[in-house]
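Basis for what follows: all heavy atoms, side chains included, without hydrogens, waters or symmetry-related copies. Throughout, protein chains are lettered first and strands after them, A, B, ... in sequence-line order, and every chain is numbered starting at 1.
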There are 2 protein chains.
Amino acid sequence: MTAEQKKKGYLCEISCINEGKVCTVRNQMNSDRTMTQLASTFKALGDPTRTKIIFALSKEELCVCDIATLLKVSQSAVSHQLRILRNMELVRCRKEGKIAYYSLDDDHIKALMEEGLRHVIEK
Amino acid sequence: MTAEQKKKGYLCEISCINEGKVCTVRNQMNSDRTMTQLASTFKALGDPTRTKIIFALSKEELCVCDIATLLKVSQSAVSHQLRILRNMELVRCRKEGKIAYYSLDDDHIKALMEEGLRHVIEK
DNA sequence: TGATTATATGAACATACGTTCATATAAGAA
DNA sequence: TTCTTATATGAACGTATGTTCATATAATCA
């Protein structure tokens, strides 16, 4: 491999300074699939509208228009974001006539919010 | 306000079904600034490369090229992502000669990772 | 000194994202 | 049935994001 290729950052040329530590971590690392799902979960929480929706639902079960009122966001925007949260299984939906009531899907979500808030408030 | 304006979703026309609950949540809601910072924190964790970096650093202090080797990602990509994590105060940097060692900035980050992993693994 | 090594960063690119707008669906009221 | 209300969703739009490439900086080595 030439110096030119090296300069271009070919992956196999990256040197590793602390091989032991890298090995240790590699053995503890979860599957790529798990880590990607974890990233997706954080990403789903990583938009201000969705963060507020999750926070709100950690306090009360609410319908779409309640959330829209609370957050001062359009019904459509809320609905789109709820779909993302539903697909990620962060929230669940209960229909009562034409009204859709949303709540958190499991307790880890609330715990995540609380841990995250503690971090932010401490800074 | 006309039916036409209503149809267009003007914010002030959004009806609220459970006013009491909305009030309750509003009183508990953190400031917009805090919620936005919380969203930014989750967002920073919400990319597969960064998630893996944070996980790795929760196990060992590592330098840039160690991380690049571990994740099979270019040095440049790692460096860019580390800057984002540094700016968010999720990781800190310690220089030893020309080598930059990174570690988690505080314990909440590790707790977030663990809580998130528990959620993902349970699903 | 000049070469090498570890890291940082700006520009460019393709892709992904969040909102709005228009409209669809479906339940309830008149 | 027709009108209204609550929600869902596709398309379009501008913006943001993550990587690569090229290069800069700064420490160490020969």
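- Between A:Tyr102 and D:dA6 there is no side-chain N or O to OP1 or OP2 distance below 4.0 Å.
- A:Lys43 has a side-chain polar atom (N or O) that falls below the 4.0 Å cut-off from OP1 or OP2 of C:dC17.
- In this structure, A:Arg92 places its CZ atom 18 Å from P of D:dT7, rounding to the nearest Å.
- Here C:dT20 presents its P atom at 10 Å from CD of A:Gln81, a figure rounded to the nearest Å.
- Heavy-atom nearest nucleotides on DNA chain C were determined for A:Glu96 and for B:Ser79, and the one closer to the 5' end corresponds to B:Ser79.
- Relative to the side chain of B:His80, the nucleotides D:dT7, D:dG10, D:dC21 differ in distance, and D:dC21 lies closest.
- One atom, CG of B:Leu82, and another, P of D:dT17, lie 17 Å apart when rounded to the nearest Å.
- The residue A:Ala100 sits close only to the backbone: its heavy atoms come under 4.0 Å of sugar-phosphate atoms, none of a base.
- If you check every strand for non-hydrogen atoms under 4.0 Å, A:Tyr101 touches nothing.
- One N or O donor and one acceptor, one from the side chain of B:Ser76 and one from the base of C:dT9, sit under 3.5 Å apart.
- Residues A:Ile84 and B:Arg83 each lie close to DNA chain C; by heavy-atom proximity, the contact nearer the 5' end of the strand is made by B:Arg83.
- Computed from coordinates, the B:Ile99 CD1 to D:dC29 C1' distance equals 14 Å when rounded to whole Å.
- For the pair B:Arg86 (side chain) and B:Val91 (backbone), a donor-acceptor distance under 3.5 Å is absent.
- In this entry the distance linking NZ of A:Lys95 with P of C:dT25 reads 14 Å, nearest Å.
- Between B:His108 and the choices A:Glu115, A:Lys123, A:His119, the side chain to side chain donor-acceptor pair (under 3.5 Å) rule is met once, by A:Glu115.
- By the neighbour-count criterion of 12 heavy atoms within 6.0 Å, atom CD of A:Glu19 is sparsely surrounded, having that number or fewer from other residues, nucleotides or ligands.
- Between A:Arg50 and the phosphate of C:dC17, there is no side-chain N or O to OP1/OP2 separation shorter than 4.0 Å.
- Whole-Å rounding puts the B:Leu45 CG to D:dT17 P distance at 14 Å.
- Residues B:Tyr102 and B:Leu82 come closest through the heavy atom pair CE1-CD1, 3.6 Å.
- Applying the 4.0 Å criterion to OP1 and OP2 of D:dT20, one finds that B:Gln75 has every side-chain N and O outside that range.
- Summarising the local packing, CD of B:Gln28 is surrounded by more than 12 heavy atoms from other residues, nucleotides or ligands at distances under 6.0 Å.
- Between the C1' atom of D:dT28 and the NZ atom of B:Lys98 lies a distance of 5 Å, rounded to the nearest Å.
- The side chain of B:Arg86 lies closest to C:dT9, out of C:dT9, D:dA6, C:dT7.
- Regarding contacts with the backbone of D:dT20, a side-chain N or O of B:Ser74 is found under 4.0 angstrom from either OP1 or OP2.
- Rounded to whole Å, the distance from CZ on B:Phe42 to C1' on C:dC17 is 19 Å.
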